[in-house]
Number of protein chains: 2
Amino acid sequence: MSKRLPKYMILKNELLSWIESGKLSPGSQVPSENEIAEQFSLSRQTVRQAFSELEKQGLLERVQGKGTFVRHAAVREEAAQPRTIGIVTTYISDYIFPHIVRGAEAELRSRGYRLLLASTDNDKEKEMECLRLMLSEPLSGLIIEPTKSAEGNPNLSFYLSMQSKNLPFLMINESYRELEVPCLKVDDERGGLTAARYLIKQGHRRIVGFFKTDDLQGVNRLKGFMHAHREAGIPLDPEHVVTYTTSQKDKLPVKKLRELLASTDRPTALFAYNDALAVPLLNTAREMGVSVPGELSIVGFDDSALALAAGVPLTTLTHPKEEMGREAARRLIAMIEQEERSSDDTEELLYLPELVERSSVVQLT
Amino acid sequence: MSKRLPKYMILKNELLSWIESGKLSPGSQVPSENEIAEQFSLSRQTVRQAFSELEKQGLLERVQGKGTFVRHAAVREEAAQPRTIGIVTTYISDYIFPHIVRGAEAELRSRGYRLLLASTDNDKEKEMECLRLMLSEPLSGLIIEPTKSAEGNPNLSFYLSMQSKNLPFLMINESYRELEVPCLKVDDERGGLTAARYLIKQGHRRIVGFFKTDDLQGVNRLKGFMHAHREAGIPLDPEHVVTYTTSQKDKLPVKKLRELLASTDRPTALFAYNDALAVPLLNTAREMGVSVPGELSIVGFDDSALALAAGVPLTTLTHPKEEMGREAARRLIAMIEQEERSSDDTEELLYLPELVERSSVVQLT
DNA sequence: TTTACAAAGTCGTACGTACAAGAAAATCTT
DNA sequence: AAGATTTTCTTGTACGTACGACTTTGTAAA
């Protein structure tokens, strides 16, 4: 038996249960130190020790000459938790990331949480800086979009210290493999598969794919893209898989497309890593006098605002965006408020990307 | 003389001065309770009381069996200052707002501040909620984009309480007229003027303008638009000024454009409140078989990513976006760090929008 | 009835003792 | 010399007393 608990701790726990059970309602007066001492057969000093710790925690209020009182819940809450949640994303301003942040913000605000925002600009050093800044104040939880998830995790120590401090956090879009944390992401491999299957079904055989490979999302989309070719028995020209990273000049994929379109047996279809890439590729094709979708079909990814704004409304794959942000917030709040880490803690939620048919793909006869 | 200070308080102050003066350096061991007791002719209990309060404050660390130690400065500092700045915007995810936030975030991070984000969704009730949440924790400053600035300010009391608390804040894009606060904004009237002048110079005479009128930006752009017509002596058909608010269905301006394009003497040019509106209008025109810019020239506003992604690259007016966010952060930090409110405190910074010529405007012969 | 004062209750301060628990140094044993 | 044990130091827990400061309440005087 661990009956080694000090008496003042036992008393503290007893008083806590009184408060919790409502035996002592907020604002009511607690029996005097002497009464408690007699009741529990303790010395008044010991009772004082228990009281003073509870007062330090903000649960009791002692007034000289009057007595000791239970603080009102509202007052307690205030001093208790900051109820602030941090989000670390790669980019704040670009593309679909604002939508994710917005979804999370809306959910958090409605639940009375505040949102601390930081972005890494896809730079691992800045990621470290962000984490340090975030953790310098007590946080209730963190939502993180990993930076360059395909290139390892030099900030592992931060994540480990978060786990050891029992600070709830979860990841979106991708997660570092070394960590077992809940993660919300799009089924990227399935997305690449769906897109390629669709183009193949439309009769396309020479399909070029553009993939960003410094994060796992691009790698997984590429996997699905290749898988679709394999299962259809279509040989995949190595020239038709274009990979790039953000550190290189952004012009690279565009230049590559120029070469491909200028060649003799040019591709009839194109799958872009995301809409942000699909649009400039589309414009490049049109500049070269290649009509879209007449001579070149295009499928994008993420169903961003750009897909609709483009000259030819883009056929693309959905990304949950706001919903993902909202769900991330919901799950994090659940983790915070139930406190007890349940077994499904490291659960991964995979969103299935769906094809949105617009006007940028044509069926080959 | 108020020599009525309790002994343990006197001891506390003495120890504090020891720490401050360096007599007790961080990490060093404090004389044991018994030593102190003897030195000061106090009982050990009294010494313990002083120690335990200092421990509670985070200045000392007591280890059973080893002794009492002065905590390192770094550990103490942590609990010191929040250095957090809040931003309240109308929208997080849409359009140019993410760019503003990003600019501010980059600047703040590099200066060691954290960013608390909230959005109002252009709803004044949510604005109040945001302000309440923001102010529930000590903030160093606030950047606010007013919600529906043309429709009064029901949350005035919040702003007044901020001013009375000497909490620095500034506004971007627009400011509530009743408040005298620094404000960074685009010279919207000048923008409307520039756009209309440009179209007139290109030979257009029947120009339709679309303006969002629930915030002052739209109203001011409209002013400039009308001013250009007046100065050029061109009568402005009332039908050619279309106003709308976000609360109405977004379809309204599109429907209006349909009517105008179907009429006999349809406009030859169009000025849109911003690019986000210009793009759907452009697409609407093209759907109706009206070529852009051949039959209809279009000028947008804000030089957003949409302007380049559109089927026809949009001629538009610049908006500082990131730079505005960065500058807002810089100014706010200056206000915080110098503390003294200088005379140029309520200064307004006006950015001059510049015309970016792309392909959506044609010169009439 | 109102006012002034006293009494009794509360928590705050201050001293005392004793022993327990943990850590480190000194000592003893091997 | 190395390891085990004891001693001695530290802080932690627990009890006790006494008195001060403050508030409320009851009582007595005006």
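Residue numbering restarts at 1 for every chain, and letters A, B, ... go by the order of the sequence lines. Because the structure is a prediction, the values reported are computed rather than measured.
- For A/Arg62, counting side-chain heavy atoms from C-beta on, the closest listed nucleotide (C/dC11, D/dT13, D/dC15) is C/dC11.
- Contacts of residues 45-54 of chain A with DNA chain D (heavy atom under 4.0 Å): A/Gln45, A/Thr46, A/Gln49.
- Across the protein-nucleic acid pair, B/Glu33 atom CD and D/dG12 atom C1' stand 9 Å apart, rounded to whole Å.
- Put simply, the side chain of A/Ile100 reaches to within 4.5 Å of the side chain of A/Asn173, judged on heavy atoms.
- A distance-only check finds a donor-acceptor pair linking the side chain of A/Glu105 to the backbone of B/Ser119 [under 3.5 Å].
- Under the side chain to side chain donor-acceptor pair (under 3.5 Å) criterion, B/Gln29 pairs with no residue at all, not counting sequence neighbours.
- Remark: B/Glu55 engages B/Arg62 in a salt bridge (charged side-chain N to carboxylate O under 4.0 Å, His left out) (not counting sequence neighbours).
- Close to C/dC11, at under 4.0 Å from its OP1 or OP2, lies a side-chain N or O of A/Thr68.
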Report, one pair per line, the protein and nucleotides 6-9 of chain C atoms (nitrogen or oxygen only) whose separation is under 3.5 Å.
from, atom 1, to, atom 2, distance (Å)
C/dG9, N2, A/Gly65, O, 3.1

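- B/Glu61 is linked by a salt bridge (charged side-chain N to carboxylate O under 4.0 Å, His left out) to nothing, counting only residues two or more places apart in sequence or in another chain.
- Scanning for side chain to side chain donor-acceptor pair (under 3.5 Å) contacts around B/Ser17 gives an empty result, with sequence neighbours left out.
- The CZ atom of B/Arg44 sits 18 Å away from the P atom of D/dG16 (whole-angstrom rounding).
- One interatomic measurement links the two molecules: CE of B/Met9 to C1' of C/dT13, which rounds to 12 Å at whole-angstrom precision.
- Applying the side chain to side chain donor-acceptor pair (under 3.5 Å) rule to A/Thr147 yields the partners A/Thr120; only residues at least two apart in sequence or on another chain are considered.
- Summarising the geometry, the separation between CG on A/Asn34 and P on D/dT17 is reported as 11 Å, rounded to the nearest angstrom.
- Checked against D/dT11, D/dA14, C/dA14, the side chain of A/Lys7 finds its nearest nucleotide in D/dA14.
- Residues in residues 123-133 of chain A take part in these salt bridge (charged side-chain N to carboxylate O under 4.0 Å, His left out) pairs, two or more places apart or across chains: A/Asp121-A/Lys126.
- Between B/Ile36 atom CD1 and D/dT11 atom C1' there is a gap of 14 Å when expressed in whole angstrom units.
- Distance B/Lys12 NZ to C/dA14 P: 12 Å, rounded to the nearest Å.
- With sequence neighbours left out, B/Thr90 forms a side chain to side chain donor-acceptor pair (under 3.5 Å) with B/Glu145.
- Rounded to whole angstrom, the span from the CD atom of A/Glu61 across to the P atom of D/dT23 amounts to 13 Å.
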